[in-house]
There are 2 protein chains.
Amino acid sequence: MQSPLEIAGDLFQFSPQALEPGEDMNLIASPSTDAANEDRARAIRDRLHDAIVDHRLAPGTKLNEAEVGALFGVSRTVARAGLQMLAYEGLARIERNRGAFVAQPSPDEARQIFEARRSIEPGIARRACEQLTAEGLETIAAQLEAEAAFLDRRGPQARRAEIKASGDFHLVLASFAGNPILARFLAELVARSSLVIALYGRSGASSCGHTHHGEILDALKAGEGDEAAHLMLRHLDHIEADLDLRLRGGNSLRDAVAPWEPSVLAQNS
Amino acid sequence: MQSPLEIAGDLFQFSPQALEPGEDMNLIASPSTDAANEDRARAIRDRLHDAIVDHRLAPGTKLNEAEVGALFGVSRTVARAGLQMLAYEGLARIERNRGAFVAQPSPDEARQIFEARRSIEPGIARRACEQLTAEGLETIAAQLEAEAAFLDRRGPQARRAEIKASGDFHLVLASFAGNPILARFLAELVARSSLVIALYGRSGASSCGHTHHGEILDALKAGEGDEAAHLMLRHLDHIEADLDLRLRGGNSLRDAVAPWEPSVLAQNS
DNA sequence: CCAGCGGAGATTGCATACAATCCTAGCATG
DNA sequence: CATGCTAGGATTGTATGCAATCTCCGCTGG
C-alpha cells in the first residue's frame, strides 16, 4: 500500500516544473536563492506547501513525522519543525499526541479567509498599480500567460498547475505592492484558499478567474488603481460565490465533535 | 551578572497582572483556558511574547535556547519550538548557527507594519461596529478604563502596562469583528508595533492615543462604523507620525551589512 | 449481536547526546 | 600597533532513545 505522502513524494522527484511552461518567472519563488541552502525544515515546509496548494495532498491527510522525515532523508526533529511551520500558516493542524494533518478549513473559516482577502487585496492592487514599473507589468503579464497555457491542457496535472498559477498571479501582483508583510499575509490566505477550493470548489471557476486576471492587468496597465482594486474585489466575490459552503456531512465524527476551530484567538497570554 | 532574560524572568514570577487594574477582562487572553494546559512551547512563546510587548525584553536581546529552557524548566527542544513560534510572528529573528534574538524592525519594516495596519484595521473597526453587542461595548469600555488607570501612574512598570493595554485595546476591538484570521494578523502587527515603538518611539504618544481610543469607542457606541474606521485611520497615522524613523547609526556592523530583511518573501518554493 | 475491556503496536512529546559551527581570546608576526 | 592565526569554549543543528499517549483489534460477557 502506498501512502498519500509517497504519491505526493513521487511528484517531488521528477521536478514538476518540468511541465510548467513559464516556470522561471515565478518571482515569488526564490530563484537560485540559498533558500534551501541549508534550512532543511524550510525545504520540507516548501515542498509540502506546494503539494498542498497543488492539491496533491488532500485536506485531512495525515502527515506522519517519521514518514515525512524518511521522505526527505532527515530525522523526525527536522520533519517536525517543518510541520510546525505549516501549522502556523494554517495549512496543517497539529493535535496533541495525534500528529499533523493537512488542514480542512470549515465553511466558517473559508468565509473568513475570503473576507480577509477582500480586506487587504484591493489595497494591494491599488498600491501595486502606483509602484508598478514596466518590467513589473511584464512579469505579471508573463504570469498570466503561464496561467493561460494550462487552460488549454487536459488532465489533472494541468488542472493542478492551473490552480497554482492562478494563485501565483495574486502573489506576483502582491510582490509589487512594496509591502512584504502584507505579501506574506496574502500568501497565507492564497494557500488556504487553495484548500478551500479543494474542499468546496464547484466548477472550473478558474477559467472565469483567468479573464478576471486579464481585466485586472489591463487596469494596471492603464494606471487605474481604483479600477484595479474594484476588479479585484469583484474577482474575489466571484471566486467565493462559486463555492458550495453548505456544511456537508463531515467525514469523521471526531471532527464533528471537535470543540471549535483549534484556538486561533488564544494568542496572547 | 544577571542576564536580560533573568530580569524579564523575574517579572514572570510575581505575576505582573497583580498590578493590572482590570486584567481579568482581557478577552484576547485565554482566561482560565487550557491554553498552557499542556503545550509548554506555546506557554514559553506566550511569556516571551508578553515580555517583548511589555518592553521587558529589548530589541536585539539574545534568546539563548539553553537559558530559555532552564528558565521554564524544559529542555532545549521545547524552548526551541517556542522561539520558532516567535520568529514566525516576526517578534524574533533566528539566524542559522547563531540563534534567536528579539527582532529589531528596520525603519522600512516599521513603515510596512503601519501600512499593513492602515490596510486592515479600519475595516476591522467597521465590521466590529456592525456586530457589536451591548456587552461587547462594555468590554471595550472596560479595556479603555484599564488603559486610563495606567496613565495616572508613574514609573516604568506603569508605562509598560500602559503600552500593553494600549495595544490590547486594538486587539479587543478586533476580537469583535468576527474574523479570527484578521484578528491574528492584527495581533502580530500590534506586537511588532510595540517593538517599533521601543526602537523609534519619541514622546508619550500613548496619552494622545488614549483620547483617540475614547473617540473611537464613542463612534462605536453611536453605531457609526465609517466614522470609527476613519478615526482608526487617523489614530494610526498619529502613532506613526510620532516615530522617529530616521536611520540611526546601527548598533552593529553585522546588522548594517546584513543582506536583506531575513527572507520575508521567500515563501513559496 | 453488541457493548465493554485490555493489550500490542504505532506515534508523538520530550530529553539527551553528539557533531557542526561560531565566537573569543590569546599569541605570534609583520 | 595592527593583522592573521589557532585552540578552547560556547551555542546551535540534528539524530536518537525512552516514556506517555493514542489507535486498533480481538476477546469476553451479557
Side-chain angles (χ1 to χ4, degrees), chain A residues 1-6 34-46 48 60-88 92-102 251-259 262-263, chain B residues 1 3-6 34-46 48 60-88 92-102 251-255 257-259 262-263:
Chain A
M1 186 176 100
Q2 198 180 19
S3 91
L5 269 189
E6 287 182 57
D34 43 303
N37 193 351
E38 263 313 323
D39 196 342
R40 315 203 257 169
R42 175 153 222 102
I44 290 177
R45 172 232 166 251
D46 288 345
L48 291 178
T61 306
K62 177 76 192 291
L63 300 172
N64 185 299
E65 291 182 357
E67 202 175 350
V68 171
L71 257 163
F72 291 94
V74 300
S75 79
R76 275 180 50 216
T77 308
V78 179
R80 193 184 177 84
L83 292 174
Q84 282 171 329
M85 291 191 201
L86 282 179
Y88 227 92
R93 150 185 53 104
I94 292 182
E95 295 179 29
R96 186 177 177 87
N97 283 326
R98 294 210 348 110
F101 305 82
V102 177
N251 298 335
S252 101
L253 179 59
R254 177 194 299 271
D255 295 342
V257 181
S263 72
Chain B
M1 185 176 98
S3 90
L5 270 189
E6 287 180 57
D34 44 301
N37 193 350
E38 262 312 323
D39 196 343
R40 315 202 257 171
R42 174 153 223 101
I44 290 177
R45 170 232 167 251
D46 288 345
L48 290 178
T61 305
K62 177 76 191 290
L63 299 173
N64 186 298
E65 291 181 357
E67 202 175 350
V68 170
L71 256 163
F72 290 93
V74 298
S75 79
R76 275 180 50 214
T77 308
V78 180
R80 192 184 177 83
L83 292 175
Q84 279 170 331
M85 289 190 203
L86 283 179
Y88 229 93
R93 149 185 54 104
I94 293 182
E95 295 178 29
R96 185 175 177 87
N97 283 325
R98 295 208 352 109
F101 306 81
V102 177
N251 297 336
S252 100
L253 180 59
R254 177 197 299 272
D255 295 342
V257 181
S263 72

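Below, chains carry the letters A, B, ... as their sequence lines are ordered, and counting in each starts from 1. Not measured: the values here are computed from a predicted model.
Closest contact between the side chain of B:N97 and the listed nucleotides C:dC14, D:dT16, D:dT12 involves D:dT12. Distances were taken from every side-chain heavy atom of A:E65 (C-beta onward) to each of C:dC23, D:dT12, C:dG13; the shortest belongs to C:dG13. Nearest nucleotide to the A:V78 side chain, out of D:dT14, C:dC14, C:dT12: D:dT14. Residue B:T77 has its side chain nearest to C:dA15 when only D:dT16, C:dA15, D:dG13 are considered. Checked against C:dT12, D:dG13, C:dT16, the side chain of A:R80 finds its nearest nucleotide in C:dT12.
Here the shortest heavy-atom pairing between A:A79 and A:E65 reads CB-O, 3.6 Å. Here the shortest heavy-atom pairing between B:A100 and B:L83 reads CB-CD1, 4.1 Å.
Between B:T77 and A:T77 there is no side-chain heavy-atom pair separated by less than 4.5 Å. Two residues are said to be in side-chain contact when any heavy atoms from C-beta on lie closer than 4.5 Å; A:I44 and A:L71 fail this criterion.
Residue B:N64 has no polar side-chain atom (N or O) positioned under 4.0 Å from OP1 or OP2 of D:dA10. OP1 or OP2 of C:dT12 lies within a sub-4.0 Å distance of a side-chain N or O belonging to A:K62.
Protein atom CG of A:D39 is 14 Å distant from nucleotide atom P of C:dT21, rounded to whole Å. Protein atom CD of A:E67 is 14 Å distant from nucleotide atom P of C:dA10, rounded to whole Å. Between the P atom of D:dG13 and the CD atom of B:Q84 lies a distance of 8 Å, rounded to the nearest Å. Regarding A:F72, its CZ atom lies at a distance of 18 Å from the C1' atom of D:dA15, rounded to whole Å. Across the protein-nucleic acid pair, B:E95 atom CD and D:dT11 atom P stand 16 Å apart, rounded to whole Å. One can place CG of A:L63 at 20 Å from P of C:dA10, the figure rounded to the nearest angstrom.
Atoms CZ and CG, from B:R80 and B:L63 in turn, are 13.0 Å apart once rounded to the nearest 0.5 Å.
Within 4.0 Å (heavy atoms only), A:R76 reaches at least one base atom of the nucleic acid.
Taking for each of A:V74 and A:R96 the nucleotide of DNA chain D with the nearest heavy atom, the 5'-most of the two is the partner of A:V74.
A donor-acceptor contact under 3.5 Å is not formed by the side chain of B:R98 with the base of D:dG13.
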